[in-house]
Colleague: 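Here you go, one structure.
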Amino acid sequence: MKTRLQPLLFVLLGSFLFLSSCKKQASQEATEAFNSVIPKPLTIDISGGAFFLKSDAAIGIKPDNEKTRAVANYLAGLLKPATGFDLEIQSEDTKATIVLELTSDESGLGGEGYRLTVTDDQIVIRSSEPNGLFYGIQTLRQILPSAIEATNVQNASWEVATGEITDRPVYSWRGTMLDVARHFFGMEAVKRFIDYNAMYKMNKVHLHLTDDQGWRIEIKSWPNLTAHGGKTEVGGGTGGFFTQEQYAELVNYAQSRFITIIPEIDMPGHINSALASYGELNGGTVVPEEGRYKVVDANPVLDGKIKPTDLYIGTEVGWSTLRFEKESTMRFITDVIREISAITPGPWIHIGGDEAHVTKKSDYIAFVNKFTELAKANGKIMIGWEEIAQGDIDSTSISQHWHEPNYARMASEKGAKIIMSPSTKIYLDMQYDSTSRIGLHWAAYVEADDAYNWDIATHVEGVDEEAILGIEGPLWGETIDSMEDIEYLLFPRITAVAELGWTPAENRSWESYSYRTGRQAARWKSLGIDYHPSVKIPWK
Ligand code: TNX
């Protein structure tokens, strides 16, 4: 009896062991998604199994505090529309289906770094700071099926391949700029723009709030700036502006996505919208001279007062200026910098400083020095476009390189910090090629590969690498007037900005990046993004 039953028992035991260890293998799709994250993570280890997100899943947070709750709520909100799941948040629970844990054990990865571990029954994201948890969530988003981005419930199997990703960024400054001055974009568009940046782990969004064509931020002590100066835009549309309360809402929205808003008030040039709003700021008539412009002192007078300039709806640059010697100018810049600083919790304020072609050089330098002093007095770090290197700047200022390598070297020699925005590589308003329906091409045509194939650290020879904070891709607004226009110029190039800023040069290659970018298209379609189907990318 004993001997006859034994083989049968072995067979039964064997098949039980086999069946219980026979976990599901990851599909090719989930495996590819795990390997296609943008920006490319530091290390990726794939272990072959599969995790499935189901409706009974919960999100565990540890420790349970305001910050981990906020991140968990963001995650639940992100997963809800496409899955239809109401994921409960469980306090101090490291056994939950998805765990978000703050732990000093991961401090080696820095505050923005994270470790994401997927096993067949659990997903754990660990970081030393909430920022890292948020970036881990962005990675999780990309390793879920692309249908996760849909705005209504999808009939999908929410599979994630098992494995581990450890990650951290190279640069602390990763961002883009949106010009809301040439054409105005309202709250909804700017929020979307912020979300697109968050998706690729960017941490700065710079808003170009004023220019010749429009003043877009309320200044309570100078109300006509927006009442009059905000009324139009390039081409003659109705323009618009943000109240200070709306601006605060944008700052908070960005902050909840670990993005700092950098407000730019462009001075002393690019200032016609202010000169058109207040005659007392108008320092003279601008006349063309040998293809450039010149300010003549003749002040047109109306009713005993200096006449303001006319509003401007064209696209020429470099023809307007504040006058340093005017008392009203000093009051104006003092008030504006004070009010902007007061509504901006972040440490930075951008004072423009570009293309002041009709400002006397000595006045320009005096302006930069005055801006530096005012920014400091208001507790802010001053950022300016590269030309500010001509002023007495030091390690407390930041210069944004866009065109002239000499200015970048000059800033570096003076000890200033540098943000890289070279127009020939990463100006997001440049056309991809001559057939692009919108965009400019004064700097270059910037195809997807041009935007990717360069390096922040080595782009300008002779700049101290330590001085470089990171990267910003500016989207100037002369030719864009809708969300579709923004998306067409932003996608796919935003992924190049993100990867250059995040991933070490030795981990980057065009072959890998273009493949991974090609796989983003399905996500962008789910999100309704009108991306440019660049011929350089192998779209999937
Ligand atoms: C130059 S770059 C400008 C902007 C224009 C842009 C168009 C810089 C600091 N100034 O005023 O909008 O080119 O590409």
Side-chain angles (χ1 to χ4, degrees), residues 175-185 206-216 233-235 262-274 292-293 312-322 349-359 364 367-368 371 382-391 393 397-408 410-411 418-434 436 438-446 450-451 459-460 471-481 485-486 488-490 493 497:
T176 60
M177 185 206 82
L178 181 63
D179 172 6
V180 295
R182 268 52 179 274
H183 285 93
F184 182 65
F185 292 97
H206 165 181
L207 293 177
H208 183 73
L209 291 166
T210 67
D211 213 303
D212 289 319
Q213 299 87 347
W215 190 281
R216 310 298 181 201
E233 58 183 21
V234 166
I262 310 298
E264 179 188 352
I265 305 295
D266 203 349
M267 304 178 288
H270 288 270
I271 196 73
N272 185 68
S273 58
R292 283 214 153 183
Y293 291 90
Y312 180 69
I313 61 170
T315 58
E316 283 187 56
V317 294
W319 53 272
S320 61
T321 188
L322 290 168
I349 178 169
H350 200 305
I351 55 78
D354 57 317
E355 301 172 317
H357 301 323
V358 293
T359 315
Y364 180 81
F367 266 120
V368 172
F371 294 147
M382 182 185 76
I383 310 175
W385 294 104
E386 64 190 16
E387 291 95 322
I388 65 160
Q390 299 167 92
I393 60 169
S397 297
I398 302 173
S399 169
Q400 188 165 4
H401 167 67
W402 62 277
H403 186 58
E404 176 55 58
N406 279 330
Y407 282 141
M410 203 187 280
I418 295 169
I419 298 166
M420 285 300 206
S421 302
S423 50
T424 52
K425 300 291 177 193
I426 211 68
Y427 259 31
L428 300 173
D429 65 315
M430 291 297 121
Q431 290 177 292
Y432 294 91
D433 62 30
S434 63
S436 299
I438 44 173
L440 302 174
H441 65 262
W442 66 264
Y445 290 118
V446 177
D450 303 312
H459 183 69
V460 179
I471 184 171
E472 210 180 272
L475 180 51
W476 296 100
E478 286 93 333
T479 69
I480 58 176
D481 198 12
D485 291 349
I486 290 179
Y488 173 85
L489 292 175
L490 197 58
R493 292 180 292 198
V497 183

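All residue numbers in this chain count up from 1 along the given sequence. Counting starts at 1 for both ligands and their atoms, in listed order. Everything numeric in this text was worked out from a predicted model, so none of it was measured.
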Colleague: Taking a cutoff of less than 4.0 Å between a non-hydrogen atom of the residue and any ligand atom, is H403 in contact with ligand 1?
Modeller: no
Colleague: Run the numbers for me: atoms of ligand 1, each under 4.0 Å from some heavy atom of L440, listed by number.
Modeller: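 Reading through ligand 1 atom by atom, the close ones are 7 (C), 14 (O).
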Colleague: Which heavy atom of the protein is the closest neighbour of atom 11 (O) of ligand 1, given with residue, atom name and distance?
Modeller: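 Among all protein heavy atoms, the one nearest atom 11 (O) of ligand 1 is R182 NH2, 3.0 Å.
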Colleague: Parallel, tilted or perpendicular: which one describes the rings of W402 and W385, with boundaries at 30° and 60°?
Modeller: perpendicular
Colleague: Below 3.5 Å, N or O to N or O, backbone or side chain included: is there any such pair between D354 and ligand 1?
Modeller: yes
Colleague: Which residues satisfy the salt bridge (charged side-chain N to carboxylate O under 4.0 Å, His left out) test with E478, sequence neighbours excluded?
Modeller: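 Partners of E478 by the salt bridge (charged side-chain N to carboxylate O under 4.0 Å, His left out) criterion, ordered by chain and then number, come out as R182.
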Colleague: Would you say W402 has any N or O atom under 3.5 Å from an N or O of ligand 1, going by distance alone?
Modeller: no
Colleague: If you take the nearest heavy atom of each of Y427, W476, W442, W385, which one is closest to atom 2 (S) of ligand 1?
Modeller: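 Going through Y427, W476, W442, W385 one by one, Y427 has the nearest heavy atom to atom 2 (S) of ligand 1.
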Colleague: Verify, without hydrogens or angle tests, whether R493 (side chain) and V446 (backbone) share a donor-acceptor contact under 3.5 angstrom.
Modeller: yes
Colleague: Tell me, which protein residue and heavy-atom name are nearest atom 5 (C) of ligand 1, and how many Å apart are they?
Modeller: E478 OE2, 3.3 Å
Colleague: Which atoms of ligand 1 are found less than 4.0 Å from any heavy atom of M430?
Modeller: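 Those atoms are 14 (O).
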Colleague: Examine H208 together with W476 and report whether their ring centres are nearer than 6.0 Å.
Modeller: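 Yes, they do, as the ring centres are separated by less than 6.0 Å.
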Colleague: Would you say the side-chain atoms of H270 and E355 include a donor-acceptor pair closer than 3.5 Å?
Modeller: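 The answer is yes; a qualifying pair exists.
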Colleague: Out of all atoms in ligand 1, which are within 4.0 Å of some heavy atom of E355? Include the element for each.
Modeller: 1 (C), 3 (C), 4 (C), 10 (N), 11 (O)
Colleague: Kindly assign one of parallel, tilted or perpendicular to the pair H459 and H401, based on the angle between their ring planes and the thresholds 30° and 60°.
Modeller: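 Plane angle between 30° and 60°, so tilted.
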Colleague: Is there a donor-acceptor pair closer than 3.5 Å between any side-chain N or O of D212 and the backbone N or O of N272?
Modeller: yes
Colleague: Answer side chain, backbone, both or neither: which part of H270 comes under 4.0 Å from ligand 1, heavy atoms only.
Modeller: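 Only the side chain of H270 comes within reach of ligand 1.
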Colleague: For D429, counting its heavy atoms only, list the atoms of ligand 1 lying under 4.0 Å from any of them.
Modeller: 7 (C), 14 (O)
